Amino acid sequence: MGIFTKLRGMRDILPEEIDIWKKVEQTFIEISELFDFREIRVPILESKYLFEKGIGRDTDIVTKEMYEFKDKKGRDVVLRPEGTASVVRAYIENKIYEKRKIARFYYLGPMFRYDRPQKGRYRQFYQFGIECFGGKSFYFDGEAIQILNITLEKLSIGNFVFLVNSLGCKNCKFKYTEYIKGYLKKIVDKLCNDCKLRVKVNPLRVFDCKNYSCHQSIENIPSIFDFLCDECKEHFDLLANFLKKNNINFKIEHKLVRGLDYYTKTVFEVFCKNQDIAIAGGGRYDYLVKEMGGPDIPAVGFAVGLDRVVALLNQEKRQKDESIYFILLGEQAKIKGFDIMRELIENKIKVEADYEERSISEHLRIANKYGKKLCLILGENEIKKGVVVIKNMETGIQEEIKEKEIVKKLRERLK
RNA sequence: GUGAGUGUAGCUCAGCGGAUAGAGCACUGGACUGUGGCUCCAGGUGUCGGGGGUUCAAAUCCCCUCACUCACCCCA
C-alpha cells in the first residue's frame, strides 16, 4: 500500500464495475425520459441554509451528517446531502412554473453524508432521482412509483416490495403528530433512551424503533389513518387502487415515516428483502416549493441509491473481455500494426495491443489470462506473406488471412 | 456520535509468548528460442496496519492510534 488511501466512506469504482453502473444509470434515464422527464444538472456545492430550510433544521441529516465548511468569503457551504432541495431551488430560481404547468426533472450524481460507513452506505454515494412539479392528482404519485417499478423490473432486481403510507396534509400531519406526542408522553418510562429523545424531536420516528419493548409499548397506538381528512384519505385510497390495478407489489405500512420533514401525504420506500435494505425512497411534498419562497405548487419525487442497486446486480455476473488482442512481433510489425489498428477502430472493432518486446508465448499467456476470444498475430513471416493470423483462443484454430479481409473476417469470427 | 469484530505475501487465510514467519491460489524463470491453457522443477513472495509498553524473548500479552467490516442512530 502506498502512502495515500482514500478517505473514509469514499470509494473507487473500477473499470470492471463500470459496465454495470452504466447499465443501471442508462436504464433509469431511459425509462424516465420515456415519461418525458428531462435531465437537470444542479451544483454539488450549495448554501447550508438551503438544506436547513428544505430538509428541516432538526433532522439528523442537517444536524450531524452534512459536510459543511466556510468558503474563502466565510459563507456557509455544504456538499449536497440529497437532490430534492437543490432541484426545488433551481425550479424556483429559474421560474420554471411560468413556463410549464407540469415540470418533470431527473437528476443523477454524487451526494455526501458524514455518516459512519457500513453495508450499502458510503459518505459519497450516488443517487438517481426524479421530481415532478405542479400535479396534485394521485396519478402523479402513481407515475413516480410506476417508473421505479418498471426500471427495477427491467434491471431484473428481484424480491422487492413498495412500502406505502400517507402522512396526510399539513393539518392531518400536525394533528396526528401532536396526538402521538401526547400518547408517548404518558408511556415515556417504558421507552428506550433513543425513543425518549424522539418524542421531543420527531415523535413519529418511534415507530421505526427496533427495540422490542418499545415495539410492544406502541403496539396499540392509533394509526395515522384515523386522523386523515376526507381528501387525504381519498388520495391514498385512489393511489392504492392504482397500484393494485398496475400489478405493483406493494404493502401498506402505517408505520412508515421518513426522516425528511418536507413529506406530506404519500410516502414510499422500495425495500429489498435479499439485502434487507431500502434501495429507494420518495413521496409527495406539497408545501416545499412555497416554503422555499416559490408559489404554492405541489410536487412528488423519489431518489434511488445507485450504489445499492449496483450491489444487488453485482452479485450476479461479470462480463468477458470482448476486445481483440493484437500480438506484434518485432519493430516492423509494430509499424504495420498501427495501420491495421487504424482500420479496425474506424470499423468500431475494439483492439488491445501491448507494445513491449515479448515472446509469442508470453503474449498468448497474457491474452489467455485476460479472457480474450481472439488474437491477431503479426510478425516477420506474416509481413513477408502480406497476411495476418487470426487465432481463436477457445478452439486454438488459426487461419492466415489477407490484409484486405481483416475487418470482414474479424466480424465473422466475433459473432 | 455509540457498540462489536478484524488488520500477517498481490489474493484467501493459518500461526496466538520461543529459533531464519507458513499453506493454497496468483506471480517470475526454466523444461518448451514464432504458439496460450495441462504437467513438472526452481524461486522474490513480508515495514506481521502504525506507535509505545511488559518480557531474556512479542505477529502473539497490555495501552494508544489508524484503517476496514458489521450493527445502532439515521438514511439511498
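By convention in this document, chain letters (A, B, ...) are assigned in the order of the sequence lines, proteins followed by strands, and residues within each chain are numbered from 1. Just so we're clear, the structure is a prediction, and the values are computed from it rather than from any experiment. Heavy-atom basis, side chains included; hydrogens, waters and symmetry copies ignored.
Regarding A:Ile360, its CD1 atom lies at a distance of 9 Å from the P atom of B:G36, rounded to whole Å. If you measure from atom CD of A:Glu16 to atom C1' of B:C11, you get 14 Å, rounded to the nearest angstrom. Taking atom NZ of residue A:Lys6 and atom C1' of nucleotide B:C66, one finds them 14 Å apart after rounding to whole Å. Note: CZ (A:Arg121) to P (B:G1) measures 14 Å, nearest angstrom. For the pair A:Ile277 CD1 and B:U69 C1', the interatomic distance rounds to 14 Å; values are reported in whole Å. Taking atom CZ of A:Phe326 as the reference point, atom P of B:G36 lies 20 Å away to the nearest angstrom. If you take CD of A:Glu65 and C1' of B:G1, they are 10 Å apart, rounded to a whole angstrom. Atom pair A:Asp261:CG and B:C74:P shows a separation of 13 Å (rounding to whole Å applied).
Residue-level contact check: A:Lys391 touches the bases, meaning some heavy atom is under 4.0 Å from a base atom. No engagement by A:Leu306 is indicated, since no non-hydrogen atom pair under 4.0 Å with the nucleic acid exists. Across all strands shown, A:Met393 has heavy atoms under 4.0 Å from base atoms, whether or not it also approaches the sugar-phosphate. Nucleic acid contact class of A:Ala280 (heavy atoms, under 4.0 Å, all strands): sugar-phosphate only. The residue A:Tyr126 sits apart from the nucleic acid: no heavy atom pair falls under 4.0 Å. Note on A:Arg308: a base of the nucleic acid sits closer than 4.0 angstrom, heavy atoms only. At a threshold of 4.0 angstrom between heavy atoms, the contacts of A:Glu269 with the nucleic acid are absent. A:Gly120 comes within 4.0 angstrom of a nucleotide base, judged by non-hydrogen atoms across all strands.
To the nearest whole angstrom, the two P atoms, one in B:G34 and one in B:C70, are 48 Å apart. Across the C1' atoms, B:G15 and B:A71 are found 30 Å apart, a figure rounded to whole Å. For B:A31 and B:A58, the P atoms lie 46 Å apart once the distance is rounded to whole Å. A distance of about 26 Å separates the P atoms of B:A67 and B:G46, rounded to the whole Å. B:C61 sits 10 Å from B:C16 when the C1' atoms are compared, rounded to a whole Å. Comparing the same atom, P, in B:G10 and in B:U33 gives a spacing of 32 Å after rounding to whole Å. Nucleotides B:U20 and B:G24, compared at atom P, are 23 Å apart to the nearest Å. Going from the C1' atom of B:C38 to that of B:G49 covers 40 Å, rounded to whole Å.
Closest heavy-atom contact between A:Tyr355 and A:Lys334: O-CE, 3.0 Å.
Both the sub-6.0 Å distance and the 45° axial angle are satisfied by A:Arg123 relative to the ring of A:Tyr114.
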Evaluation steps, side-chain contact (heavy atoms from CB on, under 4.5 Å), between A:Glu143 and A:Phe37:
CA-CA 11 Å; A:Glu143 180 184 81; A:Phe37 280 74; 3.4 Å; yes

Dot-bracket notation for RNA chain B, counting Watson-Crick and G-U pairs under 3.5 Å, with | for partners on another strand:
((((((((.[[[[.)..(...]]]]((((((.......))))).)...[[[[[..)....]]]]])))))))....

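Residue order along RNA chain B, read from the 5' end via each residue's closest nucleotide, puts A:Asn381 first among A:Asn381 and A:Lys64. Between A:Gly379 and A:Asp115, the residue anchored nearer the 5' end of RNA chain B, judged by the nucleotide with its closest heavy atom, is A:Gly379.
Taking the side chain of A:Gln398 as heavy atoms from C-beta on, and the options B:G34, B:C27, B:U35, the nearest nucleotide is B:U35. Of the listed nucleotides (B:G37, B:C68, B:G34), B:G37 has the atom at the smallest distance from the side chain of A:Asn368. Of the candidates B:G29, B:G1, B:C74, the closest approach to any side-chain atom of A:Arg116 belongs to B:G1. The side chain of A:Asp60 approaches B:C74 more closely than any other nucleotide in the set B:C74, B:A71, B:G36.
The pair A:Glu352-A:Lys372 meets the salt-bridge criterion, with a side-chain N (NZ, NE, NH1 or NH2) lying under 4.0 Å from an Asp/Glu carboxylate O. Looking at A:Asp307 and A:Arg11, a side-chain N of the basic residue comes within less than 4.0 Å of a carboxylate O on the acidic one, giving a salt bridge. Between A:Arg89 and A:Glu93, at least one side-chain nitrogen of the basic residue sits less than 4.0 Å from a carboxylate oxygen of the acidic one, meeting the salt-bridge criterion. Salt-bridge annotation for A:Glu178 and A:Lys181: present, with a side-chain N of the basic residue lying under 4.0 Å from a carboxylate O of the acidic one.
In this structure a side-chain-to-backbone donor-acceptor pair under 3.5 Å is missing from A:Asn347 to A:Val407. Using modelled atom types, no side-chain atom of A:Asp115 and backbone atom of A:Glu65 make a donor-acceptor pair closer than 3.5 Å. Using modelled atom types, one side-chain atom of A:Arg80 and one backbone atom of A:Pro110 make a donor-acceptor pair closer than 3.5 Å.
With hydrogens and angles left out, the side chain of A:Glu382 and the base of B:G34 share a donor-acceptor pair within 3.5 Å. The base of B:U69 has none of its N or O atoms less than 3.5 Å from a complementary donor or acceptor on the side chain of A:Lys119.
Between A:Gln118 and B:C70, a side-chain N or O to OP1/OP2 separation shorter than 4.0 Å is absent.
A search for side-chain contact (heavy atoms from CB on, under 4.5 Å) contacts involving A:Lys170 returns A:Tyr287, A:Glu291, not counting sequence neighbours.
Under the ring-ring contact (aromatic ring centres under 6.0 Å, His included) rule, A:Phe128 has a single partner from A:Trp21, A:Tyr107, A:Tyr106, A:Phe105, which is A:Tyr106.
Of all the residues in residues 77-92 of chain A, not one reaches under 4.0 Å from RNA chain B with any non-hydrogen atom.
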